[in-house]
There are 2 protein chains.
Amino acid sequence: MSVTIKKIAKDLDLAVSTVSKALRDSHEISAETKARVFEHAAKLDYIPNPYASSLKKGRSGNIAVVLPEVADSFFSAAINGIDSVAHEKGYHTMVYLTHEDIQREQSIVREFRNGRVDGVLMSIVANNAKYEHLRELCASDVPLVFFDRVCEDIPTASVITNDFESGYIAAQHLIEKGCKYIVFLSMPGELAIIKHRQNGYQQALQDHGMEPRIIYCTDREEENIAVIDKLLTGEHKPDGIIGSIEKITIPVYTVCHSRNIPIPSAIKIIAFSHLQIAALLNPPLTTIAQPAFEMGKAAATILFKTLAKKYDLKEEKIVIPSVLMMRASTHTD
Amino acid sequence: MSVTIKKIAKDLDLAVSTVSKALRDSHEISAETKARVFEHAAKLDYIPNPYASSLKKGRSGNIAVVLPEVADSFFSAAINGIDSVAHEKGYHTMVYLTHEDIQREQSIVREFRNGRVDGVLMSIVANNAKYEHLRELCASDVPLVFFDRVCEDIPTASVITNDFESGYIAAQHLIEKGCKYIVFLSMPGELAIIKHRQNGYQQALQDHGMEPRIIYCTDREEENIAVIDKLLTGEHKPDGIIGSIEKITIPVYTVCHSRNIPIPSAIKIIAFSHLQIAALLNPPLTTIAQPAFEMGKAAATILFKTLAKKYDLKEEKIVIPSVLMMRASTHTD
DNA sequence: TGTTGATACGAAAACGGTTTCGTAAATAAC
DNA sequence: GTTATTTACGAAACCGTTTTCGTATCAACA
């Protein structure tokens with residue numbers, strides 16, 4: 001069995017409480033005894049049992065990160081940001097994937113109320129408007145911070161990017177490049193970030209006297225290819241496309257390549273994406289790049305701030321702006 | 001405070017032990033009592049405290065996944081595979097990032113010996129040959145399964161792909177496409193998978209009477225760009241390149257684009273990569289695609305098999321073959 | 001000399017479950 | 001009618017820590 005405080009106490013002929021205090025560097029214990037304890041603990045390679053102390057202290061030293069998907073450059077970069085601060089604080093990171101499944105999200109979140117994690121960082125699933133599980137989580141005193149995909153109905157802290165403005169900028173960029181008919185590839189559901197991007201797009205088109213058109217994609221790639229193929233080969237073809245999420249990029253490019261639709265001459269494309277490799281696509285893809293790492297870092301920082309003192313989460317709303325990365329899919333030089 | 005077994009027992013005028021057994025569906029408890037307990041537990045929304053039961057049972061219900069990096073298509077897909085089986089088994093997944101830092105890996109792994117996790121899935125860092133921490137982990141009865149980046153000095157289970165053969169196939173493919181001078185972009189350090197890919201490459205070249213050349217990259221992108229730029233603009237330029245890891249793709253393409261070196265006519269490129277988007281690069285990149293999801297799934301499956309019964313990890317070595325995805329970076333039609 | 005006050009440590013009660021063991025009552029076996 | 005066995009439950013120990021409280025020792029002070 002593993003070496004415990006009891007073992008150390010017995011070896012050194014001390015009480016368990018004395019050893020415990022010595023290890024926590026309590027002022028109650030003499031320097032001499034501390035030295036003996038530390039030395040012997042090191043010799044035996046003592047590692048405290050995290051469950052015993054979690055049970056007693058009511059803190060786990062874990063945080064949860066709940067995401068729809070990890071195979072997405074935004075989320076993986078956000079994890080990096082989160083982990084960078086969690087590691088620094090000595091916390092452990094538990095990752096939960098929802099795969100855009102609301103039931104899975106619910107069952108995951110429900111379990112958090114028992115103290116397995118001290119706090120939760122979360123990007124919610126699309127495709128739903130049920131927030132009872134999130135409300136219950138907040139009610140049970142587990143601090144919750146949203147990042148990117150926030151739920152605006154829950155009064156807690158969040159870290160987002162300037163989605164409305166980014167949608168506006170994306171549309172404006174296409175308009176400046178001469179597009180006359182710009183389609184917005186959206187996602188069904190109630191996702192605030194999509195709504196805001198879409199609203200920004202609509203506002204930009206309205207400001208320029210143009211008619212918006214929204215097309216909804218799913219998370220099944222073949223369906224998206226079919227929908228986009230129909231769009232790009234039907235009558236009244238668009239000359240500009242805004243992809244509201246990263247995943248939509250692949251089907252759009254795939255269709256353009258297979259149908260020999262030249263980018264950017266026949267159609268200009270811009271996507272919300274964090275992909276590094278966008279610059280190497282054929283042609284290089286213009287993106288609205290979200291500050292993924294920074295957003296994860298900011299969200300984690302807020303969480304630890306509340307964990308440290310009783311800081312009020314409800315006030316904090318951080319907005320970190322996205323950046324337009326202009327490349328050849330919208331631009332000829 | 002949160003609702004405990006004690007509370008339920010008191011409400012129902014039962015002993016704590018009775019409630020505990022009822023909740024675990026013990027045969028010692030009558031159907032009637034069980035029904036009462038379950039009903040009341042549901043009504044109070046009882047969630048068991050994971051630390052109390054972990055402490056007593058000596059199992060945490062957590063597994064650790066230790067990776068160099070999450071912003072890599074192989075590792076993110078592997079996490080998906082791991083999570084799919086962990087979730088099915090009711091386990092929780094803790095993710096640890098080493099960022100290729102051996103000291104970080106050591107401190108992470110050392111902590112596992114106290115029972116915070118019941119088992120470890122791991123891809124080791126490059127750049128080192130120190131395995132003492134891994135040996136200690138194994139010695140302390142925490143089951144360890146390697147995937148992809150295995151440490152061959154540690155006698156435990158592993159899931160890998162056919163690296164030697166893949167290296168051979170990659171080289172052979174380039175030779176078949178007419179390359180006369182093929183460079184292998186390697187990584188410094190002791191990583192077995194790199195060695196094997198490299199050996200496969202060397203064997204292929206030797207079999208065709210060609211002279212191998214290895215160039216070592218780092219994990220700093222600017223350095224790699226400088227090295228590759230020097231290679232592709234110097235005298236005695238290669239007409240074929242094999243990238244041993246995914247990250248090397250970006251600098252290679254970047255240099256070719258900036259120096260106007262046409263792919264595949266002047267140089268053919270093949271990379272070990274799991275990137276979906278490789279098909280959309282300019283030109284589409286030929287890859288040796290590893291079965292990332294399946295490898296993660298297989299590794300997790302082995303781990304849970306040992307967790308269930310005392311199954312001997314040391315025997316299991318699973319090899320899941322990679323697939324050559326032929327695309328335009330090595331191939332003109 | 002008696003009182004205070006540190007100082008340094010020990011005993012024991014938690015934390016919230018699980019598990020072993022004991023036992024009363026009911027039933028079965030002889 | 002006595003003994004054996006099953007059924008259904010309770011009491012208490014235990015997992016490894018933390019924390020509160022008690023106390024013995026010794027110096028300091030009046």
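Hydrogens, waters and symmetry mates play no part in the numbers below; they use all other heavy atoms, side chains included. Everything numeric in this text was worked out from a predicted model, so none of it was measured. We name chains A, B, ... by the order of the sequence lines, and we start the count at 1 in each one.
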Report task. Report the end-to-end axis angle of the helix from C:dT1-D:dA30 to C:dC30-D:dG1; each axis comes from five terminal pairs, and the value is rounded to 10°. Result ->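 Helix axis angle between the two ends: 60°.
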
Rounding to an integer number of Å, can you tell me how far [X] [atom1] sits from [N] [atom2]?
X: B:L23; N: D:dA8; atom1: CG; atom2: P; answer: 17 Å
X: B:K10; N: D:dC9; atom1: NZ; atom2: P; answer: 21 Å
X: B:H27; N: C:dT20; atom1: NE2; atom2: P; answer: 11 Å

Indicate, with a heavy-atom threshold strictly under 4.0 Å, whether [X] touches base, sugar-phosphate, or nothing.
X: B:N114; answer: nothing
X: A:T33; answer: sugar-phosphate
X: A:S53; answer: sugar-phosphate

Report task. Only counting residues at least two apart or in another chain, list the ones meeting side chain to side chain contact (heavy atoms under 4.5 Å, CB included) with A:S76. Result ->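 Partners of A:S76 under the side chain to side chain contact (heavy atoms under 4.5 Å, CB included) test: B:V70, B:A71.
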
Any side-chain N or O of [X] less than 4.0 Å from the OP1 or OP2 oxygen of [N]?
X: B:Y46; N: C:dG17; result: yes
X: A:R24; N: D:dT17; result: no
X: B:S20; N: C:dT18; result: yes
X: B:T4; N: C:dC15; result: no

Report task. Please examine the side chains of B:S158 and B:I318, heavy atoms only from C-beta on, and report whether any two atoms are closer than 4.5 Å. Result ->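 No, too far: nothing below the 4.5 Å cut-off.
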
Would you list the protein and nucleotides 20-27 of chain D atom pairs, both N or O, that sit under 3.5 Å from each other?
from	atom 1	to	atom 2	distance (Å)
D:dT20	O4	A:K21	NZ	3.4

Extract all donor-acceptor atom pairs below 3.5 Å that involve side chains of residues 14-26 of chain A and protein atoms in other chains or at least two apart in sequence.
from	atom 1	to	atom 2	distance (Å)
A:K21	NZ	A:E28	OE1	3.2
A:D25	OD1	A:K34	NZ	3.0
A:S26	OG	A:E28	N	3.0

Review item, side-chain donor-acceptor pairs of residues 89-96 of chain A, under 3.5 Å, at least two apart:
from	atom 1	to	atom 2	distance (Å)
A:Y91	OH	A:R59	NH1	3.3
A:H92	ND1	B:Y96	OH	2.5
A:H92	NE2	B:E111	OE1	3.4
A:H92	NE2	B:R116	NE	3.4
A:Y96	OH	B:H92	ND1	2.5

Report task. Could you tell me which residues satisfy side chain to side chain donor-acceptor pair (under 3.5 Å) with A:R36, sequence neighbours excluded, listed by chain and number? Result ->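 Side chain to side chain donor-acceptor pair (under 3.5 Å) check on A:R36 returns nothing, list empty.
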
